[in-house]
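Report on the structure given below.
Chain letters run A, B, ... following the sequence lines, proteins first and then strands; every chain starts at 1.
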Amino acid sequence: MDDHAAIDEVLSALNPPQREAVQHGEGPLLIVAGAGTGKTATLVHRVAWLIAQGVGPGRILLLTFTRRAAAEMLRRVDGVLRKLHAAQAGHGGFRSTGTRVWGGTFHAIATRLLRRYGKAIGLAPGFTIHDRTDSEDFLNVIRTELGLAKTDRRFPKKGTCLDIYSRCVNARQQLAEVLALHFPWCKEWEDELKQLFDAYVDRKEAASVLDYDDLLLYWHALLSDPQAGSAMRKQFERVLVDEYQDTNILQAEILYQLSPDGKGLTVVGDDAQSIYSFRAATVRNIFDFPKHYPETTIVTLEQNYRSTQPILKATNEVIGLAAERFTKNLWSERAEGDRPLLVTCEAEDDQAEFVIRRILEHREAGIDLRRQAVLFRASHHSMLLEAELVRRNIPFHKYGGLKFVETAHVKDLMAFLRLAENPRDLVAGTRILGLLPGVGAQKARQMMDLLTGSGGDFAAWKQAKPPKAAAEIWPKFVALVAGLAQAEGDLPAQVHRVRKFYDPLLAELYDNPHPRSRDLEQLEQIASRYRDRATMLAEITLDPPSSTQDLAGPPILDEDYLVLSTIHSAKGLEWDSVYVIHASDGNIPSDMSTGSPEGTEEERRLFYVALTRAKRWLYVLWPMRYYQSWGSFSDRYGFAQLTRFLPEPAAKCFHRVTSTALDEDADRDEPEGLRAQCTSRSIRKRTKRYWS
DNA sequence: CTGTTGAAATTTTTT
DNA sequence: ATTTCAACAG
């Protein structure tokens, strides 16, 4: 078999448009891929095909939305290459490829490149990276220093300040414009914000730290540097971008700089699935791609391989109601299946109960827990369900929401390492100094000034006078950080030393020290997986493991667990059975985003993304009553409405049931009496909680 | 200045 | 429920 035939064989599983995309030449390529149309397979085959064509793997840059996605794709590329290799066996055609494909998120790749080329634009090689909380903390410090906190009218919260700043950078827009368009209630603070952002930028520079936005900004700047820029352009012969609909202007410009004429550029996306405009992503990137690169070839993938016909019918109906017209018409050859279920629940506990019962039924029928997922709009929507799963010993894994690395104790430990890595990192330093008794904001600030003044030499702290309360612990503290700064011992040993110092403090500072302490033991375990401290710090802030379980390593294969995920984190994934919960107005769409038509439209696409994750069974649930937990006089029920994204024509694609109807045959018009009975049942159940 | 206490305000999505 | 802010005691 010759090379050509071998490639044909490997590509034989693809449909004609997919093949066209895979074998497309050097010109700019836009792949518009509807949900479940084999987008990943196409991208994977294209990478493999390029390598088979002789493009060095090290010359291929694959930009994905998460690192998990990158890892998964590269794994599959290897698989395709192996198949190709097997098909060519005996003809000696295939050369083993030494270097690896560059794969990762924009942020992760930026970090790697900045470590390598950063000097060219005056970036200190030992820079550390601030995650969102760190950046907020930093802004907070500066806000206080500037006296912006004590004004008569309330200044925007630090999180809002960061959002505003971030949008300016990512959308490449003037502050005034951003305020007018997205934060009209903060308009009056324009001057103060200018002041704040000015100082923020300077202080980041002084501290040698980069925030998320800086990673993109600096990469962008680096590309304008004659030497580093052309080195990168030369290196990345081919650039492939996944989820292009969720990139922002800055990212699009980075791509433009990497390949001004679009040569070697491939982007894949679906305008109907753009859900990250809050991060300044704009669907214009995908629409305007052919305008920016006039030579663009567009390939549209419309054949859906994921979902059964009834599910597809429902999802097409939902997206068909969008204000903007989307050009694709997804179709499928897949067999008929069950009509998706629209489940009206009495209250939240009925919803949880229904979901769990169905999950277990499916598992009985041979669908493992890991092939099922519960999706929701906001992280806290799953709380009651989680409690119930724990109670029933059903293992689950939650994606999205508060991350393991965002917990205070993990942040504390990481801050030790970060200060050792970069003694100028003011946020890290302030954080760990504040852990010591008697040390507050002022003293910490003073100590950090001292440290920076001495060029980052921790010897300066040896002579410094600690407050009385910290007198005893101070020498130990200084010895620890000084030792870390010298990088004494391997990484796990370093973490171990921090733990020994930090453990006693943990008990003082936080409520439940034991599980926290165990988390840190875990962290010590996995420290050995990283090449060095800087890599560990960067990777953990850029790709936070979503739970301790995640940190512990790849899950054991025969371990089965249910997936709970925010809809955002479910992007790109699929399951046999999908349960979308809290599908009521106010949740989907979220009350926060119904202020503008664009916001509402994005929520519609979000709902669409959730529904299109399902392969065989789809459940949409909504509780009619919900419990209002924050009117202090408690015990108030509110009444919900079904999400506005399922008006009558769309709802017809669903089989409607109520959660209390034990089997589906008893659906449709519920007798009024039964409904009342169920209501009182759930009220009684709730009442009992007062004494049980 | 630090650490604590009480009152008030605020609840999305994430690299 | 949690976070943030102001006021006060040590």
Identify which nucleotide among B:dT14, C:dC5, B:dT15 has an atom closest to any side-chain atom of A:Y276, counting heavy atoms from C-beta outward. B:dT14
Please determine which of A:D163, A:T541, A:D211, A:D137 meets the side-chain hydrogen bond (donor to acceptor under 3.5 Å, both in side chains) test together with A:R132. A:D163
In terms of side-chain geometry, is the basic nitrogen of A:R391 or A:E388 positioned less than 4.0 Å from the acidic oxygen of its partner? yes
Whole-Å gap separating C1' (B:dT13) and CD (A:E602): 9 Å
Output the rounded distance in Å from CD (A:E508) to P (B:dT4). 10 Å
Does B:dT14 have OP1 or OP2 under 4.0 Å away from a side-chain N or O of A:R68? no
Whole angstrom is fine here: how far is it from CG in A:N587 over to P in B:dT11? 15 Å
When you compare B:dT13 with C:dT4, how far apart are their P atoms, in angstrom units rounded to a whole number? 15 Å
Here the distance between atom P of B:dT13 and atom NE2 of A:H381, to the nearest Å, is 8 Å
Heavy-atom nearest nucleotide on DNA chain B taken for A:T66 and for A:G438; more 5' hit belongs to A:G438
Quick check for you: among B:dT11, B:dT14, B:dT15, whose closest atom lies nearest to any side-chain atom of A:H568? B:dT14
Would you say A:K571 places a side-chain N or O within less than 4.0 Å of OP1 or OP2 belonging to B:dT13? no
Nearest-Å distance for atom pair CZ/C1', residues A:F65 and B:dT15: 7 Å
When the nearest nucleotide of DNA chain B is assigned to A:A444 and to A:R132 on a heavy-atom basis, which residue is associated with the more 5' position? A:A444
Heavy atoms only, 4.0 Å cut-off, all strands: where does A:P467 land among base, sugar-phosphate and nothing? nothing
Using a 5.5 Å cut-off between ring centres and planes within 30 degrees, is A:F278 stacked on the base of B:dT13? yes
For A:E539, run the salt bridge (Lys or Arg N to Asp or Glu O under 4.0 Å) check against A:R112, A:R67, A:R531 and tell me which one passes. A:R67
Using only heavy-atom distances, determine whether the side chains of A:D412 and A:Y510 contain a donor-acceptor pair under 3.5 Å. yes
Separation of atom CG in A:L162 from atom C1' in B:dT13, rounded to whole Å: 15 Å
Qualifying residue for side-chain contact (heavy atoms from CB on, under 4.5 Å) with A:L210, from A:L216, A:T111, A:L215: A:L215
In this structure, how many angstroms lie between the C1' atom of C:dC5 and the NZ atom of A:K157, rounded? 13 Å
Would you indicate what A:K158 reaches in the nucleic acid, counting non-hydrogen atoms under 4.0 angstrom: base, sugar-phosphate, or nothing? sugar-phosphate
Heavy atoms from C-beta onward define the side chain here; which of B:dT11, B:dT13, B:dT15 lies closest to that of A:M592? B:dT11
Nearest to the side chain of A:T566, which nucleotide is it out of B:dT15, B:dT13, B:dT10? B:dT13
At 4.0 Å (heavy atoms only), tell me whether A:A108 reaches a base, stays on the sugar-phosphate, or touches nothing. nothing
Expressed in angstrom and rounded to an integer, what is the separation of A:R143 atom CZ from C:dC5 atom C1'? 10 Å
So do the side chains of A:T643 and A:S584 get within less than 4.5 Å of each other, counting heavy atoms only? no
Could you check which of B:dT15, B:dT14, B:dT11 has an atom nearest any side-chain atom of A:S569? B:dT14
Between B:dT11, B:dC1, B:dT15, which nucleotide has the shortest distance from any of its atoms to the side chain of A:Q442? B:dC1
